[in-house]
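The structure appears right after this line, and notes come after that.
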There are 2 protein chains.
Amino acid sequence: MSTIQEVAKYAGVSVATVSRVINKSDTVTEKTRLRVEKIIEELNYEPSALGRNLRTSESRLLLVLLPSISNPFYSEIINGIQDTVISQGYNILLCETDSNPEREAIYFNMLRNRLADGIISMDPTVNKDKLIELAANYPIVHCSEYDEDGTVAHVTINNELAAYQAVRHLIKLGQKNIALINTDETFLYARERRRGYEKALLEFGLPIRKEWIYHADKLEFQRGQQAVRKLFQQDDKPTAFFAVSDIYAIGALKEINAKGLRVPDDIALVGFDKISFSNMTYPTLTTVAQPMYRMGCTAADMIINKICGKEVESIILDHELVIREST
Amino acid sequence: MSTIQEVAKYAGVSVATVSRVINKSDTVTEKTRLRVEKIIEELNYEPSALGRNLRTSESRLLLVLLPSISNPFYSEIINGIQDTVISQGYNILLCETDSNPEREAIYFNMLRNRLADGIISMDPTVNKDKLIELAANYPIVHCSEYDEDGTVAHVTINNELAAYQAVRHLIKLGQKNIALINTDETFLYARERRRGYEKALLEFGLPIRKEWIYHADKLEFQRGQQAVRKLFQQDDKPTAFFAVSDIYAIGALKEINAKGLRVPDDIALVGFDKISFSNMTYPTLTTVAQPMYRMGCTAADMIINKICGKEVESIILDHELVIREST
DNA sequence: ATGAAAGCGCTAACAT
DNA sequence: ATGTTAGCGCTTTCAT
């Protein structure tokens, strides 16, 4: 690997001039520029980001933290982020945390280390204190998930309202026995969606039955199957399910079909996220669509503004209930 | 952010000693070590990776290139990589290329830049010349996909054999009219699996019919639906499908169901990859399982060995035909 | 056991 | 328009 020194030497100029050529300063004569560029080409020289970053103390790298890449929900968000940051000269690196505090700490450290300029986190706040402390000194925004106490700027949807509308939709269809398939309530969205579910029930005079609220721990299809199995073991069986993720809804659907019951005639079902799978099931899934691409773009704009020292406000985007065959 | 200088100053020692404490050198007295550690704690000091990397010229960061994170096939591979590299003091950054040469170039440059120590690529070789040139000077291994001309070490399965076995399975079930739903043949696995498909047909005296080989361009469910639609427009209709990805197979299944045909009675169907969703469909999908986790571990071992200057050999892992309800 | 000092590759302030 | 030089934060060699 050649260095700026070698380029300078062979081009017969100083390193400063080479640096000027690389950084497109306009105070270099055409002739010099061409000579330097020729040498750069010949030596196959590439400026070391390490040296540059150490000097400028910026890396133009953004970290995107996500619990797991196997949830297709994140894909579109990432596309939005990617498209937005690239146009601004940044790049993103995806960091899978598994919601594991140790892994999270590694990525947090990359920020303190100056290896990255900012973090877009889609992770529930595993290490809350650390995050808040970090966010005070470094650019961090939350996307989709966020910290309820609210010191960190975020972009998200109104999860409570979305869940409320989904459940109200079921109730208006005549459903009275609606179970909730929820995820781990360390996720804020899980807590919010439960609230929306409960609010809808209360509003229509339906009882909130603890035994009809199922908590899955991992976001896997199998957990949706398990949920249905468990809920159907009870004497009083629900006739409708609201799942906080399409992943669970798809698992639930599989189990309902396996029991010989028909959706939506015997059992109604609503999911959340409108992942692409949700349109491949039989029947297709009623679900809540989030503006994922736009959410990604927004998060990207926010983090870049933050890096530039601007104040950024949290943003709530619109969602939409997409009614398909399962209700 | 505090620096090593400040720590040295407050601890009343030289920066060299602080460095020794950080790097756990054993030539520091207990007493000094404790004093320095106390100051590090107090100042909330974190060594700058930038300074360190510039000095040691290593980053302990590995890049993992993948075409798209929305294909669940990659998830398990990444888990394998992650688990392996962490134990060796490395970290990975996921880079979504969209098989776009420009994006790929960005990540290639991170390697030349010394921002990363090595690349595990699951991308088809978009920019072949560049890759080969790079691989000559930097640690790169291919995982799953690879370069047929073979200068870059890789870990993969025998795609041709796997496809052959899948199709043979259909033939032994009495199927004579088997269509292939393939992906873009810039992917080597697409070319190999087609070869396996053709080999099986030839071996059992069945004709290879060009019009029964469908090429989808993007890896989306919809393409599987389209494939079936297209293939069914023909006068001579296939009665079985071999799809080179579960994604296509799932789309195909949806379309077959929509036509009122039954799987496997009317139409038989085999997929590839054994993604988790392939067990959620009705009926469940016969598919080819790859040892994804192990593939990830192997790729990780290979790249680390390469970084350490060792010679590494390409490796072929075993696959397995998983027979389920769709055949 | 510890310190002084060089230097990794680069940018930018200052000098010419 | 170009060169000289300091210094970003760290590790490591060589002295002491």
Side-chain angles (χ1 to χ4, degrees), chain A residues 1-40 43-61 89 109-117 137-138, chain B residues 1-37 39-40 43-61 89 109-117 138:
Chain A
M1 202 64 231
S2 42
T3 71
I4 199 172
Q5 327 276 355
E6 302 176 50
V7 176
K9 194 174 93 190
Y10 288 113
V13 296
S14 71
V15 291
T17 300
V18 179
S19 177
R20 286 184 189 107
V21 171
I22 295 166
N23 297 292
K24 312 212 185 303
S25 156
D26 48 6
T27 65
V28 183
T29 47
E30 174 84 359
K31 203 177 125 198
T32 315
R33 187 172 58 71
L34 288 174
R35 192 164 72 246
V36 172
E37 278 170 352
K38 186 157 155 276
I39 301 291
I40 288 179
L43 293 183
N44 198 14
Y45 164 75
E46 182 75 24
S48 156
L50 247 29
R52 171 181 294 163
N53 294 350
L54 179 59
R55 180 61 223 231
T56 60
S57 49
E58 66 165 19
S59 64
R60 299 248 133 199
L61 239 38
N109 268 341
M110 288 182 64
L111 193 56
R112 311 180 67 210
N113 271 343
R114 299 275 167 217
L115 240 34
D117 291 349
N137 299 304
Y138 300 91
Chain B
M1 202 64 230
S2 43
T3 70
I4 199 173
Q5 327 276 355
E6 301 174 50
V7 176
K9 195 174 93 190
Y10 288 113
V13 296
S14 71
V15 291
T17 300
V18 178
S19 177
R20 287 185 187 106
V21 171
I22 295 165
N23 296 292
K24 312 212 183 304
S25 155
D26 47 6
T27 66
V28 183
T29 48
E30 174 85 0
K31 203 176 128 199
T32 314
R33 188 173 58 72
L34 288 173
R35 191 164 72 247
V36 172
E37 279 169 353
I39 301 291
I40 288 178
L43 293 183
N44 197 14
Y45 165 74
E46 181 75 23
S48 155
L50 247 28
R52 170 181 295 161
N53 294 350
L54 179 59
R55 181 61 222 229
T56 60
S57 51
E58 67 165 17
S59 64
R60 299 249 133 198
L61 239 39
N109 268 342
M110 287 182 64
L111 192 57
R112 311 181 66 211
N113 272 343
R114 299 276 167 217
L115 239 35
D117 290 349
Y138 300 91

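Chain identifiers are assigned alphabetically (A, B, ...) following the order of the sequence lines, protein sequences preceding nucleic acid strands; residue numbering begins at 1 within each chain. Only this structure's heavy atoms are used, side chains among them; waters, hydrogens and symmetry mates stay out.
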N or O in side chain of A:Ser48 less than 4.0 angstrom from C:dG9 OP1/OP2: no
Under 3.5 Å: donor-acceptor pair, side chain of A:Arg35, backbone of A:Ala11: yes
Residue whose closest nucleotide on DNA chain C lies nearer the 5' end, B:Thr27 versus B:Leu54: B:Thr27
Length of the line joining A:Arg114:CZ and D:dG9:C1', which is rounded to integer Å: 12 Å
Residue B:Ile4, side-chain atoms from C-beta onward, closest of C:dC10, D:dC10, D:dT4: D:dC10
Nearest heavy-atom neighbours spanning A:Glu58 and A:Asn53: O-OD1, 2.8 Å
Residues B:Arg33 and B:Glu30 bridged, charged N to O under 4.0 Å: yes
Among D:dG3, D:dT11, C:dT2, the one nearest B:Val28 by side-chain distance: C:dT2
C:dC8 OP1/OP2 closer than 4.0 Å to side-chain N/O of B:Asn53: no
Atom pair distance, as rounded to whole Å: NZ in A:Lys31 and C1' in D:dT2: 13 Å
Rounded distance (Å) that lies between atom P of C:dA1 and atom CG of B:Asp26: 8 Å
Integer-rounded Å distance: D:dC10 P and B:Arg60 CZ: 18 Å
Between C:dC8 (C1') and A:Arg52 (CZ): distance, integer Å: 16 Å
Of B:Gly51 and A:Asn23, the one whose closest DNA chain C nucleotide lies more 5': B:Gly51
Spacing of A:Gln5 atom CD relative to C:dT11 atom P, expressed in whole Å: 11 Å
Whole-Å gap separating C1' (D:dG3) and CZ (A:Arg20): 7 Å
Nucleotide nearest B:Arg55 when distance is taken to its side chain, options D:dT2, C:dC8, D:dC8: C:dC8
Shortest side-chain distance from B:Val13, nucleotide among C:dG3, D:dT4, C:dA5: C:dG3
Nearest heavy atoms of A:Pro47 and B:Asn113, plus distance in Å: O-OD1, 2.8 Å
Distance test, side-chain N/O of B:Thr3 to OP1/OP2 of D:dC8, below 4.0 Å: no
side-chain N/O A:Thr17 vs D:dG3 OP1/OP2, d < 4.0 Å: yes
Atom pair distance, as rounded to whole Å: CZ in B:Arg112 and C1' in C:dG9: 15 Å
Contact under 4.0 Å: B:Thr29 side-chain N or O vs C:dT2 OP1/OP2: yes
Distance-minimising heavy-atom pair for B:Ser19 and B:Ile4: N-CD1, 3.9 Å
